[in-house]
*Asks:* 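Take this structure, written in C-alpha cells, and hold onto it; I'll ask about it next.
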Amino acid sequence: MNRMNTILTQELLLSLTSDTPSISPKFFYDDIGSHLFDVITLLEEYYPTRTEKWIMDNYQREIAAAVAHCDVLVDLGAGNCMKASRLFDSIKPKQYRALDISKEYLKTAVADLQKQFPNIKMSAHAIDLSLPLAFPDIEALHKVFFYPGSSIGNFDPDKADQFFINLANECHGKGGLLIGVDLVKDVEVLHHAYNDPLGVTAAFNLNILLNVNRITGSNFQLQDWEHYAFFNAAQSRIEMHLRARSDVQVMLPSNGGKDHPLSFSKGDLIHTENSYKYTQEDFVEKLQRAGFGNVRCWTDPNEYFLVCFANVQ
Ligand code: AVI
C-alpha cells in the first residue's frame, strides 16, 4: 500500500468505527465518482448547476465589473474546469490555477483548456481543501478565489467559517472571492434533487464504497447497501447516508496487516455527506465575519441559488 493510501486507510478506519460511522465526502470523487457527479449536474431534478449557470450568464457583466481586476483566478473545486472557463472572456485572468481532489481528472481537463486559451498561464493542483492552502509564488498578486457549485455547503458551518478566514488571509489584502451557494427552499424541491428517479445520485453515493474498497482493500458489497437522503430542517442540510439492507460484515485490512472486522445491523447508517442550505442573509454575514466586505449578491427568479462576490477588507 502506498503512503497516501496508508494515511487514508487510517482515516477511514477511525470514521467507520466511530459511534456514528461515516465516510468523508472527499471519497466520492474517484474517476467514476467524478463522472457520476457530472451526470448529476445534468439531471432535471438537480437544479443547482443550471441555476448557477443562469445567474452567471445573466449577470456576467455585473459580476465582471464587481471583480474588476484579476491576476490569478484560483478555482477551488475545478472539476472539469467548465465553470471557470466561461469567466475567462469577461474577467480576463492572466493566470488560472485549478484545484481539485481528483488529480487525473483535473490534469486532463486543464490540458484541454490550455489548448483553447494559450495566453492564460495554467496549472493543476490536486489538493484537499480541508487543509490550509499556500501559494507563496502568487502572494503579491491580485487573486480571485472562485468556489462555485455550492461546494461550501459540504462543509460543516464552523469549518466553512475557518475556510473563509483562511481564504481572506490568502488574499494578502488584495482580491476577493466569487462563490455560489445553494439557498433554503421548498423541502420537496430539495428532496428530489438528492433522490432522482434515474438513480444517479444513488449510484454516486454507493460508488463511495467501491472507492473505499480500492483504497483500503475492504470488501463492502454494493447489494448490501441502499441510498438514503433527506432534508434535516433543524440543521438546514440534506444528509446523505448508506443504509444496510441486512446485517452486514465487512473486513477492513488495517495497516499492520491484521484485518479489522466491521459489523452493521439491518438499517444501520453510514453518513456520507451533508449539504447545507443557507439564507442569503446568513451567508453574507458569514463572509463578513471572516473578513470579506462589500458583498454583492445575484440570484435567480425562484431564489433557489445565490452567487456572491466579496472583496477582502
Ligand atoms: C458537490 N456538492 C455541492 C454536491 C451537493 O449538492 O452537495 C454533491 C452532491 N451530492 C449529491 N448530489 C450532489
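When a ligand or atom number is given, it counts from 1 through the structure's own listing order. Along the sequence shown, residues carry numbers from 1.
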*Asks:* With a 6.0 Å cut-off on the ring centroids, do Tyr194 and Phe231 count as close?
*Replies:*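 Here the rings of Phe231 and Tyr194 have centres that are no less than 6.0 Å from each other.
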*Asks:* So if I apply the ring-ring contact (aromatic ring centres under 6.0 Å, His included) rule between Phe230 and each of His271, His192, His241, which one comes out positive?
*Replies:*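 Testing Phe230 for a ring-ring contact (aromatic ring centres under 6.0 Å, His included) against His271, His192, His241 leaves exactly one candidate, His241.
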*Asks:* For the pair Asn302 (side chain) and Tyr304 (backbone), establish whether a donor and an acceptor sit closer than 3.5 Å, ignoring hydrogens and angles.
*Replies:*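 Not at all, since once roles are kept as given, no pair shorter than 3.5 Å links the two residues.
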*Asks:* Can you sort out the partners of Thr201 under side chain to side chain donor-acceptor pair (under 3.5 Å), two or more places apart, ordered by chain and number?
*Replies:*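 Once residues adjacent in sequence are excluded, the partners of Thr201 under the side chain to side chain donor-acceptor pair (under 3.5 Å) criterion are Asp196.
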*Asks:* In order of chain and number, which residues sit within 4.0 Å of ligand 1 by heavy atom?
*Replies:*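 For ligand 1, the residues that come within the 4.0 Å heavy-atom cutoff are Tyr29, Phe37, Ile40, Tyr46, Gly149, Ser150, Ser151, Asn154, Tyr194, Thr201, Phe204, Met240, Glu273, Ser275.
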*Asks:* Indicate yes or no for a side-chain donor-acceptor contact from Lys143 to the backbone of Glu170 under 3.5 Å, with no hydrogens or angles considered.
*Replies:*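 Judged by distance alone, yes, a pair lies under 3.5 Å.
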*Asks:* Do you know which of Asp38, Thr41, Ile40 makes side-chain contact (heavy atoms from CB on, under 4.5 Å) with Val200?
*Replies:*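 Of all the options given, the one that passes is Ile40.
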